[in-house]
Amino acid sequence: MQPVDIILGLISCILTIMVLSYLVGDNPLFRIAVYIFVGVSAGYVGAVALYQVILPKVIMPLVDSPLENLPVLLVPILLSLLLLMKMFPRISWLGSASMAFMVGVSAAVAIAGALIGTIIPQFIAAIAPFGLEDSTGIGSIVENFAEGTIMLLGTVTTLAYFHFGVKSSASGTGSTNPVMRILGLIGQFFIAVTFGVLFTGAYAAVVSALIGRLYFIWSYILSFF
Amino acid sequence: MRIITTFFLAIIAIVSGVVVLLGYFLPGVPLFVTLRVAFLNWLMILAAVAVFVGIANLFSVHTQKLKNKKEAAYSVLLLVFLLGTFTLGLFQGPTSPAMDFVFLSIQIPVETSLMALLAVSLLYATIRLLRWRANFMSITFIITALIIFLGTAPLPFLGPVPFFSDWLRPIIAQVPAAAGARGILLGVALGTLMTGLRILFGADRPYGGK
Amino acid sequence: MSNVNSELILYGGLALLIVSAVLILVFALLRKEFPYALREIPTFARMRRAIGLAIEDGSRVHFSIGRGGLNMPWSAAAFVGLATVRRVAELTSVSDRPSVVTSGDGALAVLSQDTLKASYVAAVAPERYDASTGRATGLTPFSYVAGAIPVMHDENISTNVIVGNFGLEVALLADAAERQDNFTMVASDNIPAQAVLFASGSNPLIGEELYAVGAYVQAGAVHNASLRVQDLLRWVFIVAVVVGALLKLVGIL
Amino acid sequence: MGDVRCPMCSTPNPEGQGTCKVCGARLTPLTSDIAAANLESIHPGDQPTRKSTAELEHALPDWLQDLRKKPETGELQNPSPTAAPAAPQPSLSASETDEDFLSRLESESGKDDVPSIQPESTDWLAGLSDAKGGDEDIPDWLLGVKQSVDEEAQAAKLAASQPASDNVDWFQRLQEDQKAAKGGEASQWPGFYNEPPGFGKTGQEEPLISKTDSAEWFMSAPEGKAPEIADTSPPTGVTDWLKRRKVLENQPGGVPPSSEPSDSAGAPIPDWLAFTQPATPEVESPAPAASGGLPDWLSDFKADQPAAEIPPAVPASSEGLPDWLRSAQPEQPAAAAIPTPQPSQAEPDWLSGFAGSQAAADTPLTAEPASDGLPNWLAATEAGIVAAGLSVPDEKKTAELPSVLQGRSGPAPAPVSQNFDLPVGTLSSDDDLPDWLSELPGAPGPVAPAKKPTAPLPPVPAAGEQPPAEKGETPNWLVGAAATAATAKAASVFTDQPMAGDDAFAMEMPDWLSGVTPAETATAAAQIPGEPASGAAESLSPSELPAWVQAMRPVESVIAETTGEMEDEQFVESQGPLAGFQNVLPFVPGLIAIRRPAAYSSKLQVNTGQQNNAALLEGLLSSESDAAKVKHRSRLHYNKFLRWMIALVLIILVAIPIVLGSTLTPVNALYPPELLAAHEVITGLPSTPNVLVVFDYEPAFSGEMATSSAPVLAQLMEKGATITAVSSLPTGSVQANLLLATYLSSFNYLGGDSFINLGYIPGGAAGIYNFATNPSGTIPVDVEGEQVWSDPRSFLADTSQLSDFDAMVILVDGSETAQVWIEQSRLPLGATPLLMVISAQSEPMILPYYDSKQVQGMVTGLFGGAYYEQITGRPATARLFWDAFAVAFFVAEVIIVVGGVWALIAAWQSRLARKEEEA
C-alpha cells in the first residue's frame, strides 16, 4: 500500500469515527468533521462549476471567437454579473432581475416536468394493464387485470385521500362525506404500504452505507497486517 | 424605484416562464423552441454563477462568526478548507488527482458516515412509532415494513424466509406499493403544477416583492 | 413510447396546463359559489402554536427550504418553502431573534434573503433584516444538512419549519431537532424522504400536503384557489383514469 | 321570511331561537336593546347635527380634551352635549348591523364578539400611529382597551380556535404576545393588560389623542360590543364631515344634508365611494373586484386597453394575487381612472383635496379601490341596477371621485406617499398587501410632520379607513357598500345573508362580487320586505349599515374559508407567561409587526442609565421566560439511552460478520423479474457494446451504489463494452473513476481506450434534456478536455445521439433524478434499452416506469447487487456485505417486534391505570 493510500485511509477512518461519534451526542469531533466537510464540498462544487460550466460555456467561447459568441452570450453574462451583485448586500437588489429570470424559467421547468414527465405518462401507465390483448410475458390476462385493478384502486384512493377541500361548516373545520372517508381510508392503506416499502428501502440504503464504512475501517486495519 | 423593480421583476419572471413553457408544449414553433433552449442554457450558466453566490454567502456568514469566540474555531476550519479546496481545484482542475484525493479522503467518508448515522435514527423511529401514533396508518406501515424486511434479506446464516421472500415481498412491492407511489407521485405532480402556475401568475414572487 | 403517446403527452399536457390556469382564475372569481374549507391537518395547528411560542419566549424559528436547485423540476418544493417563509417571517420579525433560513443551493439562499427582506419590509421593520439570516449552509445535499445541524444546535432555535426538497438526509435534520426537543414541521416532496419522516415521528406532511402549506398558512388568495384547482384536477384525473381503463378494457383505446 | 339566518353558518333558524341550531352561533344580538334605543334616534335630521359636531371637532381640538375627560369621570352614558350627537350615530349605525355581525362575530369567537372586530379598529389606529410618525401611544392604548375585552375573549377561548379569523384571534393573542415580548415599549404592556377595561382606558390617558378619544368614549359603553362600534364610527363622522365640506365646495348647490348623513353615517369614506360608483352606475365596485381576483395577466389585458382599464389592477393587488401588478399603478400616470368620472368636478375637488391635507390624507386611500372600479364598472355595466334614490349621493360621489384620483395620482408625490405610508403597517398584517406600499420606507417619516400640524383630526379617520381600504377585504367592503347602494334594502339584506358578505371577504377576493353582489342584493331585497329590521334599514341611509356589516364580514368569512384545524387544537399554555391562556399565541403576523419597530426605535433613544435599567428588566423578563422555556414542544421525548443501545447493538452485530468475513448467509434464489430482465438485456447486447453509463449518485450513496452497480458494469466489461460515463452531479465523474479504480480495477478500464468520462452535465433537468437530445453538442469534450466526439480514434467517433448507443445504464440514488433521466432520455433513446441501477430507497418509485416499459431492467440496492453477482456467478463486494446486511435487517425486524410489544404493553398499562382511576 502506497503512503498516499495510507494517509487517505487514515484520514477517512478518522473522519468516519468523528462523524459516527454523533451517535453519542453532538460533540466537537463531529463538529470539526462536519465543518471540514462543508468547506470541502463547497470548494469542490465551486471548482466544478468554474471548470465545467463557466469556462466551457462562457469564457472559452468568448476566447475562441468573441465576435460571434458575444451577442449570444451577452444576456447570460449580463444576468450573471447582476446575480453576482447578490454578494454585496448594498447593491444586492441589482441581482433580483436574474433571480426573477431563474425563478420564472424554473417554474416553467417544474410545470413541464410535472405534466410531460409525470401526470400524462402515469395516466397512460395506469390504464396500460387493461389492454389485455397486449398482455405479455408471465402476466397472464387474469393476472394483468387483477394487478391493473389493484393499481388503479390504489392510485385513485391515494389521490382521493389527499383531497383538501371539505364542505365548509359553521365550525370551519368542515366535514368529509362518508364516501370520501372510505376512499381516504383505503388510500391511507396504500400510502402506508408504500411508505413501509420505501422505509425498508431507505433502511437498506443507510445500512449499506454503515456496512461500507465499517468494512472500510476494518479492511484498512487489516491492511497493516 | 422599488415599485418599478417589483413590477418589472414579475414581468421578467412571467415572460421567461411562459416562453419556456411554450417552447415545451409547442415544439412545432421554432421560435419558442429556440428561446426555450437559449433560456435553459442561460439558466445553466446562472445556476453555476449562483454556486459562487452561495459560496460567498457561506463565506460571509462564517467570517461573521469569527467575531464570537465560541464558534470561531469551527468557522476558521470551514473557511480554510473551503478556500483550500477551491484554490486547489482552481489550479489543478476538479478532476485532478489532488482533488480526487480530497474527495475520497474527506467527502466520501463524511457523507457515507452521515448516511450511516441514519441507520440508528431509523431503527429508533421504528421502535417508537407505535408509541406515539398507534393509528391505522402507523400500524399498516409497521406491518408492511416488517414483511418487507423479512422478505428482502434472508435471516442471518439461515437463509431466506420462505413465503415472505419469494411471494409476499414481490407482490407488495410491485402492486400496492407501486400503486400508492403512483398516487403520491401524481399528487405531487399536481402540487408542482399549481406551485409553478402561482409563480407564473406572479402571485408568489420569491425573488422579492411580495 | 410511441409517437402517439408523445403527442398525447404534449397536447394533453398543454390542455391540462391551460385548463388549470383558467380554473385558478375561475375559482378566484367564483369563490362564493362553493364555500371551501380545508381538511384539518393537525401539524399546521401545532406549527401555529410553536411559532407563537417561539415569539413569546424570544427564541428563533428556523426554516429549511431544501436543496432543490432552481433548474430541477422539484424546485417547486423550494418555492413552497419560500412562500411559507414569506408568510411566517413577517410574524417572527417581532421576535427578539429573527428567524433564520437555511438552504442548500446558492440561488435558493439568495431567494431566501430576498424573501426575508420582503417580509421585514412588509412588517415595517426593514432595519431588522440581516442578510446573514438567509444562508446556504452547504452546496451539496449532505453538506447542506450537515451545515444546518450546528445552526439548529447553537442558535437558540425553538421551532423548525423544514419545507422543501430533501432526500433521506432530512432525517438528520429531524433527528437534530428532536435532540433539541424542538418543534419540527417537516415536509419534503421526495417520497422516500416522506416515508422516513413519517416514521421519524416529528410532524410530517405526507404526499402533496407540502404543496398546501401556502393555503394553510393563508399565504394568499391564489394559494387557496390553486389548492382548489388541485382538488378539482385530482378528480378529473381519477375519472379520466377509470374511464380510460374501461375504454382500454373494451379495446377502444 | 320567518326564520333568522345564522350569521355564522347562514342556516335558517326559526325566529326567536336564541342560538343557531347548527353552529350554536348567537342569533340575537347582545345589543338589541341599544339598537332599539338607537332606532328612534335615527332621523335624517340628526345627521346634520352630528356632522356639525364633527365640524366642531375639527374646529376646536380642545373639545377633544374634555371629551377625553369624560371617560375618566366615568360618564359613560351621558357624554358632554357636544359628544352626545356623535355618540348615538355610531352606536346606531352599529345597532342595525350588530344584529347580524355582532352575533356572528360572537358565534365565531365563542361568547365573545369583540376581538373579532378589534382587527378593524386597531388596524386603523395602527395606521394612524404610523401616519403620525411612530407615536405608539395610540396603538398601545387601543391594545390596552382591547386587552380588557380580550379578557372576556380568553374566557370564551373559542376565538382563537377560528383559524380563519386569524386577524381576530391574532388580535387577542397579540396582546399576550406583546406582553411577553422583551424590551422596548412592549415590556410595559403587561401592566394594563391584566387590568380591567376601565384601567386600561385610564392607564392610557396620557398618550390619548383627541381622535382616539371618541373611540375610547365608546369603549366605556356597558355593552361588550360598544367599543367596536365606537372604534370605527368616530372616523366616519369625521370623514363624512370632510366629505360634505368638499362636496359643498365643489357643488355650490350642495346636496340635501339629509342624504349625506345617510351615506356618511354608517360607513367610512369607502362607503361613499362605493356609493359614488352608482353615479356612474354602481356595479363597478364589483368590477374591480373581478379584476382583483384575476391574476396579473388579466390586468395585463387591461393594460393593453386604454389607460382607463388599468386601475382595476389595484384591487387585484389587494388580493394575495399579483400585488406587484398594483405596483405598476403609481407609474401609470394619474391612475387612468380619472378620465372616466366627470373631470369638471374633479378639478376643484382635487384642489380642495390639496388645500386640506385631510382630503389628501383620507379620500385618496379609501377612494382608490372605488376609483379603480369605475372603468371596470363601465365594462361590466349592470346599469339596470342603478337604484333610484341613490342619485343624490351619486352626484356627490362623482364629485368626490376625481378628487380622490387626483389626490393620489401623479400631481403631488406628497399626498401619494401620505396615503400610502399610512396603511403600510396594517397592510403588513395582511398577507396580500401591495408590496409597493410597504416599499415606501421613507414615507412615514416625512409625511408625519406634514400631517400633524395641518390637521390633527383628519388623519385619524384617514388612518382608520386606510387599513381596511388597503387590506384585502376592503375592495369587497366597498363593493358591499356599492351593492347596498344598489338597493335601499341592501342593509337588511346583508344582515340576513351573512354568507354573501363572508364569501366576499373570504380570501380577500373581491372578484366574485363582480358577478354576484348586484343579484344578491336584489334577491335579498326581495326576500326581506316587511321585516322590522329591514324596515329600519330602509329608514336609515342605505349605505351605512351594509358598509358596517361588510366591514365586519371578512373576519368570519375567512373563517369559513380557512383551515379549521385550530379548532380542535385547544392548546392551554401550561408554562411561561401565558400559563392558563388558551390559543393566545398568534400565528399570522398581524399588527405586531407594525408597532414593534416603533418600540425598537424608542428603545434606541434611551440613555445608558435607562439602558441599564432596561437591560435589567429585560434580564428579569428573559430569565422568567427562560425558566418558562416550554418543553415538550415536540411531543416526542428524546431517549438518549435507547438510542445508544440501538446504536451499540446494531454496530456490534453488523461488525461481527464483517470482521469474520463470513459469507455463510445464502442469497435468495428467486430474483425479482426486473432484475432478470436487466440481465437478459445485457446478455442480449452485441459484443463490445457501446454503453452510456450515468453516474448520478451522491457520495453518500457510493457504498450502496457501488456494490449494486459493480456487478452490472462488470458484466458489460466482460463483453468488452466501451463505456461512456456522464453525470448530472458535480461529483459524478469522480464517482465513476472511483468505481472503476476500486471495485472494477481488475478490468483496467480507467485510462484505457474503452472508457470515456464526459464528466458533469450542468443545468439539472435542462442540462439532462440538452444532453439527451444532443449529447455531443452539450458536452463536446471529456474531463481531460479531449474532443472525444470528433476524434476518429475514440469509440464515440460514430456516435452522435443517444440512440446510437447500444444501451444506457443509469446508476442513480434518488427517485427524482431517476425520473428526470427516464423522462428526458426515453424518447431520444428510441429502441436503445434503458437499464437502471437504483438505490433501494427508490424502488417503488421507479417500478412504475418498469411496468410502463419505459425502463427495460432494474437492479435495486445492495441486495440487487448480491442477486446479480449470483446470477453472473461472480461473487464480489455485495457478497462480502451480504451477511452483515442480513444481520442488519434481522436487527431491524427484532426492533420492530420489540417496539410493537412495547406499544402493546404501554397501551395495556395505560388502560389498567385508567381502570384504577375509575375504581
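Order of the sequence lines sets the chain letters (A, B, ...), proteins ahead of strands, with each chain counted from 1. Since the model is a prediction, treat every value here as computed from it, not as a measurement. The analysis underlying the following values was restricted to heavy atoms, covering all of them including side chains, and did not include hydrogens, waters or symmetry mates.
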Between chain A and each of B:Leu197, B:Thr140, B:Thr144, count heavy-atom pairs under 4.5 Å; write down the option with the most. B:Thr144

Residue pair A:Met151 / B:Gln174: nearest heavy atoms and the distance that separates them: SD-O, 4.0 Å

In terms of heavy-atom pairs under 4.5 Å with chain A, the winner among B:Leu79, B:Asn41, B:Leu78 is B:Leu78

If you count heavy-atom pairs within less than 4.5 Å of chain B, which of A:Ile11, A:Thr200, A:Thr16 leads? A:Thr200

Interface residue of largest heavy-atom contact number with chain A, from B:Gly17, B:Ser113, B:Gly89, under 4.5 Å: B:Ser113

Parallel, tilted or perpendicular for B:Trp42 and A:Phe101, by the 30°/60° rule? tilted

Show the nearest heavy-atom pair for residues B:Ala179 and A:Ile150, with the distance to one decimal. CB-O, 4.2 Å

Between B:Leu21 and chain A, with a heavy-atom cut-off of 4.5 Å, which part of the residue counts as in contact: side chain, backbone, both or neither? both

So, the part of A:Ile119 with a heavy atom under 4.5 Å from chain B: the answer is both

Of the backbone (N, CA, C, O) and the side chain (C-beta and beyond), which part of A:Val72 lies under 4.5 Å from a heavy atom of chain B, both, or neither? backbone

Is B:Phe136 close to chain A through its backbone or its side chain, or both, or neither, when contacts mean heavy atoms under 4.5 Å? side chain

Taking A:Tyr51 for its side chain and B:Leu90 for its backbone only, find out whether a donor-acceptor pair lies under 3.5 Å. yes

Is the closest side-chain heavy-atom distance between A:Ser98 and B:Tyr207 below 4.5 Å? no

At a heavy-atom separation under 4.5 Å, does A:Arg213 approach chain B through its side chain, its backbone, both, or neither? side chain

Can you find a heavy atom in the side chain of A:Gln52 that is under 4.5 Å from one in the side chain of B:Thr95? yes

I'd like to know if the side chain of A:Thr194 reaches the main chain of B:Ala177, judged simply by a donor and an acceptor atom lying under 3.5 Å from each other, with no hydrogens or angles considered. yes

Using non-hydrogen atoms and a 4.5 Å limit, figure out which bit of A:Phe216 sits close to chain B: side chain, backbone, both or neither. neither

Quick one, A:Phe195 with B:Phe141, criterion ring pair (Phe, Tyr, Trp, His ring centres under 6.0 Å). Give me CA distance, side-chain angles, the key distance, then yes/no. CA-CA 7 Å; A:Phe195 280 174; B:Phe141 172 89; 7.1 Å; no

Step through it carefully: locate the ring centre of A:Phe37, locate the ring centre of B:Phe81, and say whether they are under 6.0 Å apart. no

Check whether B:Thr152 gets within reach of chain A through its side chain, its backbone, both or neither, counting any heavy atom under 4.5 Å. neither

Part of A:Ala146 within contact of chain B (heavy atom distance under 4.5 Å): neither

Tell me which of these, B:Thr192, B:Leu146, B:Leu122, has more heavy-atom pairs under 4.5 Å with chain A than the rest. B:Leu122

